[in-house]
Amino acid sequence: TELYVHTPCASPSSPPQCNLLEATITSCTASSEYSDQWSCDKAYDGKRPAWGEPGTDITWATRGEGVGSWIELAFGKFSPDAMRFSNRQFDSSAESNKGLQLNFTFLSQSGVASIATRQVELIERTADVDDWTYLHRFEPVAGATSVRITVLSVYAKVNNGASEIALYDSRDCELSSFELSSFVST
């Protein structure tokens, strides 16, 4: 499996210079939720707190989990090959995920549900680095209907979760519209 982590060539806050098709997430389940104010549906509501804000009612938080925690997102038939993931944290790196495994469910040609696994490594969000500006690209998964994102490693663990998660089909984007920031082969 190859992992490509790309950032936009322009300023870190600007979107890529291409058409990203975004999956419409319809529902979620999670390994845990800190409370109703920190439910998994907050991870795809289009809202992200500014650095230093707690994110109450707009972010998903686990109940004291780190490695092994997961969120499962369902969407209509889609062929993702990229994602953005913004870590949930309150003015520190104490709740910061690092390595993620993405298990996509799709129907094979014979109609049997199958799993395609991809991995990404997140950058650490800080007051000066906005992790949402990083687009993580991976081999496309044709016709996926859901993904289970499992935390494999963390920068630190308290009540990890996500401020925002989005899945994309970026195949219409020219590779030259991204700056390759790292390459990992696993």
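The figures here come from the full heavy-atom set of this structure, side chains too, leaving out hydrogens, waters and symmetry mates.
Looking only at side-chain heavy atoms (C-beta outward), Val129 and Ile123 come within less than 4.5 Å of each other. With contacts defined as side-chain heavy-atom distances shorter than 4.5 Å, the pair Leu122/Asn87 qualifies. Side-chain contact between Ser108 and Ser114 is present, with at least one heavy-atom pair separated by less than 4.5 Å. Residues Phe104 and Ser146 have side chains not in contact (no heavy-atom distance under 4.5 Å, counting atoms from C-beta outward). Looking at heavy atoms from C-beta onward, Lys98 lies in side-chain contact with Glu121 at the 4.5 angstrom threshold. The side-chain heavy atoms of Ile165 and Leu73, taken from C-beta on, include a pair separated by under 4.5 Å. Annotation: side chain of Tyr168 is in contact with side chain of Arg84 (closest heavy-atom distance under 4.5 Å). Under the 4.5 Å side-chain criterion, counting only non-hydrogen atoms from C-beta, Val151 is in contact with Leu100.
In this structure, Val67 is a member of the same hydrophobic cluster as Ile149, with clusters built from ILVMFWY side-chain heavy atoms closer than 4.5 Å. A single hydrophobic cluster is not seen to contain both Trp70 and Phe138; linkage of ILVMFWY side chains at heavy-atom distances under 4.5 Å, directly or through other members, places them apart. The cluster map of Ile, Leu, Val, Met, Phe, Trp and Tyr, joined by side-chain heavy atoms under 4.5 Å apart, puts Ile71 and Trp38 in different clusters.
No side-chain N or O of Arg125 forms a donor-acceptor pair with one of Ser96 less than 3.5 Å apart. Side-chain contact annotation: Ser86 with Arg48, donor-acceptor N/O pair under 3.5 Å present. For the residue pair Ser170 / Asp81, a side-chain donor-acceptor distance below 3.5 Å is found, with atom types taken as modelled.
Stacking of Arg63 on the aromatic ring of Tyr34 is recorded, both the 6.0 Å distance cut-off and the 45° axial limit being met.
The two residues Asp45 and Asp57 make their nearest non-hydrogen contact at OD2-O, 4.2 Å. Taking all atoms of both residues into account, the shortest heavy-atom contact from Glu65 to Lys157 is O-CG, 3.4 Å. Summarising the geometry of Gly64 relative to Asn159, their closest heavy-atom pair is N-OD1, 2.8 Å, with the distance given to 0.1 Å. In terms of heavy atoms, Asn160 sits closest to Val158 at OD1-N, 3.2 Å. Considering every non-hydrogen atom in both Gly66 and Ser69, the closest pair reads O-OG, 2.7 Å. The shortest heavy-atom contact between Val120 and Leu102 is CG2-CD1, 4.0 Å.
The distance from the OH atom of Tyr44 to the CG atom of Leu167 is 12.0 Å, given to the nearest 0.5 Å. One distance of note links CD of Glu22 with CG of Leu20; it measures 8.5 Å at 0.5 Å rounding. Considering CG of Asn97 and OG of Ser153, their distance stands at 8.5 Å, rounded to 0.5 Å. Residue Gln101 holds its CD atom at 11.0 Å from CZ of Arg118, rounded to the nearest 0.5 Å. Ile58 contributes atom CD1, which lies 7.0 Å from atom OG of Ser163 (distance to the nearest 0.5 angstrom). Once rounded to the nearest 0.5 Å, the distance linking CD of Glu33 with OG of Ser39 reads 5.0 Å.
Between Lys42 and Asp36, no side-chain nitrogen of the basic residue sits less than 4.0 Å from a carboxylate oxygen of the acidic one, so the salt-bridge criterion is not met.
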Please evaluate residues Glu72 and Cys28 with respect to the criterion side-chain contact (heavy atoms from CB on, under 4.5 Å), reporting the C-alpha separation (whole Å), side-chain torsions for both, the decisive distance (0.1 Å), and the verdict. CA-CA 5 Å; Glu72 188 162 335; Cys28 64; over 6 Å; no
Exercise for the section: List the steps, then state whether side-chain contact (heavy atoms from CB on, under 4.5 Å) holds for Phe106 with Thr145. Expected result: CA-CA 6 Å; Phe106 66 98; Thr145 57; 5.9 Å; no
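Ring-plane geometry between Phe75 and Phe78 is classed as perpendicular, the angle between the planes exceeding 60 degrees on a 0 to 90 degree scale with a lower cut at 30.
Qualifying side-chain contact (heavy atoms from CB on, under 4.5 Å) partners for Ile115, counting only residues two or more places apart in sequence or in other chains: Asn103, Thr105, Thr117.
Between the side chain of Asp169 and the backbone N or O of Arg171, at least one donor-acceptor pair lies under 3.5 Å. Formation of a donor-acceptor pair under 3.5 Å by the Thr26 side chain with backbone atoms of Ala74 is found in this model.
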